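Sharing a structure below in C-alpha cells format, with a few things to ask.
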Amino acid sequence: MTPREIVSELDRYIVGQHDAKRAVAIALRNRWRRQNVAPDLRDEIAPKNILMIGPTGVGKTEIARRLAKLAQAPFIKVEASRYTEVGYVGRDVESMIRDLAEISVKMVREEERSRVKVKARENAEERLLDLLFPPPAKARRPAAVTAEGHLETPVGDSHRDTREKLRKLLAQGHLNDREVEIEVTANATPMVEVFTPQGMEEMGFNMKDLMSQIMPKKTHHRKVKIPEALELLTQEEAARLVDMDAVAHEAIQRAEQSGIVFIDEIDKIAGREAGRGPDVSREGVQRDLLPIVEGSTVNTKYGAIRTDHILFVASGAFHTSKPSDLIPEFQGRFPIRVELKALAREDFIRILTEPENSLTRQYIALMATEGLRLRFTDDAVDALAAIAAQVNERTENIGARRLHTVLERLLEEISFSAPELGDHDLVIDADYVHGHLDPILKDEDLSRYIL
C-alpha cells in the first residue's frame with residue numbers, strides 16, 4: 001500500500017491525528033522500499049523508529065494496532081513501566097522480543113493451518129467414515145466367476161459403495177444428530193507449577209515445554225456429535241500436516257523483517273538517576289532497552305532473533321516529564337517525533353459517527369441482538385460530545401475513553417431492560433441524553449466518580 005492508501009485506511013477507524021498517520025504510513029512503506037534495494041545496502045538501512053507524544057485516549061495505541069493489521073505483521077504492545085533493570089525484581093526487557101516471537105509463530109501457524117485446511121478436512125472425513133463404517137477385517141478378494149457363470153462381487157466393492165453413500169449423507173448433513181466415539185489427545189503437560197525468579201519467567205515456560213515433550217501422550221475417548229467430531233479431527237489432522245520447524249523458521253524471519261513493537265508509557269521511564277543510587281525502573285530500563293532498539297540478538301526457544309530491523313513505536317503523555325528527559329542515546333534511536341493533539345467536542349462528534357467501528361454503531365448492533373432497534377439523532381450525538389468534552393475539562397482529560405463512560409451510563413437502563421422490551425423502536429435524542437446525564441453533570445463531585 002502507498003502511504004496515501006495507508007492513511008486512507010487508518011481514517012476509517014481513527015479520527016484526526018493526520019501527522020501521526022503520515023509518519024507511520026511512511027515508516028511502513030519504507031519497509032517495502034528496503035526490501036527492493038540492492039542486497040549490499042539493504043542491511044544498512046535501519047527502520048526510523050517513532051515517538052508519539054500526546055495525552056491519553058487520543059489514538060496512539062490504535063494507530064499502531066491498525067498499522068500492524070494493515071501490514072499483517074507480528075505486533076506486540078508492552079508497557080515500559082512493567083520492566084526493570086536486569087538483576088532487579090521485574091520483567092527483563094528482552095522478554096518483549098520473546099513475546100513477539102510467540103505471536104509471530106502463532107500467526108504463521110494459523111496461516112499454515114489455513115493452507116492445509118482442505119487436505120486436513122479430507123483426512124478427517126476419511127477417519128470419520130472409518131468410525132461410522134469400519135473397513136472389513138478380511139482382505140479384499142479379486143472379482144471371480146462362479147461355476148454358474150455369475151460374477152461374484154468382491155467384499156471391497158460392496159464396502160466402497162456403502163462408504164460413498166455414507167459420504168453423501170455426511171456432506172448433506174443427514175448424520176449430524178448421530179454420535180461417535182473418538183480418541184482425543186489429552187494435555188500431556190503435567191499440572192506442575194515451575195517457580196522462577198522474576199525476570200526469568202521464560203525459563204519456567206521452557207521447562208514446561210520440555211516436560212510436555214518428555215511425558216507420554218495421553219488419550220481418552222469422547223462421545224460427540226458428528227459435526228463436532230469432524231471439527232476435532234480436522235484440527236488434529238491440520239496439526240499433523242503443519243511442519244513446525246518450517247513455521248518457526250518463517251516466524252523468526254517475519255519477526256525480524258516486519259515485527260512491530262509498541263512501547264507504551266515511555267514517559268514513565270523518563271527520569272534521571274535518583275539521588276542515592278540508580279533508579280532501576282527508569283534510567284536502568286532505558287539502558288537495557290537501548291541495545292534492543294539499536295540492534296542486538298535475543299535468544300528465544302524458536303531461535304535467535306536480530307532486532308536490527310524491528311520497528312519500535314514508543315508513546316507517552318509526558319505530563320510530568322518531557323522527551324528530553326530520556327537519555328540522549330535513547331532519544332537518538334527515535335528520530336521521528338509526532339505530537340498528537342488533544343480531542344475537542346468536534347472530534348468527539350466525528351468519533352461517534354464516522355469510524356466503521358464507532359461506539360453508536362456498536363451499541364445499535366448489541367441491542368439489535370435483543371430485537372431492540374436503537375437510533376441516535378444528530379442532536380443526541382452533539383449532546384454526548386459536549387458532555388464528554390465538559391467532563392474532560394472539569395476532571396481528568398482521558399480523551400475518547402470518556403465517551404465509553406458517558407455512553408455506558410446513558411444506556412445502562414436500556415441494556416438492563418432490553419430482553420423485556422423485545423421488538424421495539426427506541427430513539428435517543430438530545431432530551432433523552434440531558435434527562436439522564438444532566439443531574440449527574442450538575443453535581444460536580446458525583447460526576448468525578450461516575451462520568
Side-chain angles (χ1 to χ4, degrees), residues 19-20 22-31 33-35 37 41-54 60-61 63-65 67-68 71 73-86 90-101 255-273 278-299 304-318 321-340:
D19 292 342
R22 284 174 61 95
V24 297
I26 293 170
L28 188 60
R29 183 65 176 184
N30 278 340
R31 292 195 148 182
R33 292 167 177 158
R34 174 180 165 271
Q35 294 297 328
V37 301
L41 188 59
R42 186 182 305 161
D43 290 339
E44 302 298 325
I45 300 175
K48 305 300 185 289
N49 298 322
I50 302 169
L51 177 62
M52 295 185 184
I53 306 164
K60 300 188 295 293
T61 304
I63 287 174
R65 184 180 291 116
L67 182 74
F75 170 82
I76 185 171
K77 174 184 178 292
V78 298
E79 286 76 35
S81 55
R82 293 176 57 190
Y83 301 94
T84 58
E85 188 176 353
V86 173
R91 293 204 73 189
D92 179 5
V93 293
E94 288 189 352
S95 62
M96 68 175 67
I97 305 301
R98 298 190 184 100
D99 292 342
L100 182 69
E256 288 182 339
Q257 302 301 323
S258 60
I260 299 175
V261 176
F262 182 79
I263 308 175
D264 202 4
E265 298 181 355
I266 199 71
D267 55 319
K268 303 296 190 299
I269 63 169
R272 297 296 179 183
E273 287 190 351
D279 188 345
V280 298
S281 64
R282 289 179 180 265
E283 189 170 343
V285 177
Q286 294 181 55
R287 287 195 299 266
D288 287 348
L289 275 172
L290 190 58
I292 293 178
V293 178
E294 285 182 336
S296 61
T297 301
V298 177
N299 291 317
I305 291 183
R306 292 284 305 173
T307 65
D308 301 68
H309 300 291
I310 293 176
L311 177 64
F312 289 89
V313 182
S315 77
F318 290 97
S321 59
K322 50 188 181 297
S324 59
D325 289 336
L326 296 165
I327 60 176
E329 299 88 345
F330 195 76
Q331 292 181 48
R333 299 307 299 177
F334 290 84
I336 302 177
R337 306 285 177 87
V338 181
E339 187 169 355
L340 286 83

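Numbering starts at 1 and runs along the sequence shown. On a predicted model such as this, the values are computed, not experimentally measured, just so you know.
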Query - By side chain to side chain donor-acceptor pair (under 3.5 Å) - contacts of Glu265 (at least two apart) - result: Ser81
**Report entry** Shortest non-hydrogen contact between Arg42 and Val37, atoms and distance
**Finding:** NH2-O, 3.2 Å
Query raised in the report: Near Gln35 CD, under 6.0 Å, is it more than 12 heavy atoms from other residues, nucleotides or ligands?
Result: yes
Query raised in the report: Where the side chain of Arg31 meets the backbone of Ser258, is there a donor-acceptor pair that is under 3.5 Å apart?
Result: yes
Requested in this report: Rounded to the nearest 0.5 Å, what's the gap from CD1 on Ile269 to CD1 on Ile327? Could you check?
Outcome: 8.5 Å
Requested in this report: Nearest 0.5 Å please: distance from the CE atom of Met96 over to the CZ atom of Phe262.
Outcome: 12.0 Å
Query raised in the report: Donor-acceptor pair, Lys60 side chain versus Gly54 backbone, under 3.5 Å?
Result: yes
Query raised in the report: When rounded to the nearest 0.5 angstrom, what is the spacing between CD1 in Ile76 and CZ in Arg98?
Result: 12.0 Å
Query raised in the report: Does Arg22 have any salt bridge (charged side-chain N to carboxylate O under 4.0 Å, His left out) partners at least two apart in sequence or in another chain, and if so, which?
Result: none
Query - Val24 and Met52: CA distance, side-chain angles, deciding distance, side-chain contact (heavy atoms from CB on, under 4.5 Å) verdict - result: CA-CA 10 Å; Val24 297; Met52 295 185 184; 3.7 Å; yes
Report task. Over all heavy atoms of both residues, which pair between Ala73 and Ile260 is shortest? Give the atoms and the distance, please. Result -> CB-CD1, 4.5 Å
Requested in this report: Identify the two heavy atoms, one from Asp264 and one from Ser315, that lie closest to each other, and give their separation to 0.1 Å.
Outcome: OD1-OG, 2.8 Å
Report task. Not counting sequence neighbours, which residues clear side chain to side chain donor-acceptor pair (under 3.5 Å) with Asn299? List them please. Result -> none
Report task. Could I get the full list of side-chain contact (heavy atoms from CB on, under 4.5 Å) partners for Leu28, not counting sequence neighbours? Result -> Ile6, Leu67, Ala71
Report summary line: Scanning both residues in full, the closest heavy-atom pair of Ala64 with Phe75 reads O-CE1, 3.7 Å
Query raised in the report: Can you list the residues that meet the salt bridge (charged side-chain N to carboxylate O under 4.0 Å, His left out) rule with Lys322, with sequence neighbours excluded?
Result: Asp325
Report task. Name all residues meeting the side-chain contact (heavy atoms from CB on, under 4.5 Å) criterion together with Pro323; count only those two or more places apart in sequence or in a different chain, and write none if there are none. Result -> Leu51, Ile53, Phe318, Arg337
Query raised in the report: Of all heavy-atom pairs between Ile266 and Leu326, which one has the smallest distance, and what is that distance?
Result: O-CD2, 4.2 Å
Report task. Considering non-hydrogen atoms only, spot the tightest contact between Arg333 and Leu290 and give its length. Result -> CG-CD1, 3.9 Å
Show me, pair by pair, the donor-acceptor contacts under 3.5 angstrom made by side chains of residues 305-313, not counting sequence neighbours?
from   : atom 1 : to     : atom 2 : distance (Å)
Arg306 : NE     : Asp308 : OD1    : 2.8
Arg306 : NH1    : Thr297 : OG1    : 2.8
Arg306 : NH2    : Asp308 : OD1    : 2.8
Arg306 : NH2    : Asp308 : OD2    : 3.0
Thr307 : OG1    : Ile292 : O      : 2.7
Thr307 : OG1    : Ser296 : N      : 2.9
Thr307 : OG1    : Ser296 : O      : 3.3
His309 : ND1    : Arg34  : NE     : 3.3
His309 : ND1    : Arg34  : NH2    : 3.4
His309 : ND1    : Ile45  : O      : 3.3
His309 : NE2    : Arg34  : NH2    : 3.1

Query raised in the report: In chain order, what residues pass the side chain to side chain donor-acceptor pair (under 3.5 Å) check against Glu79, with sequence neighbours excluded?
Result: Lys77
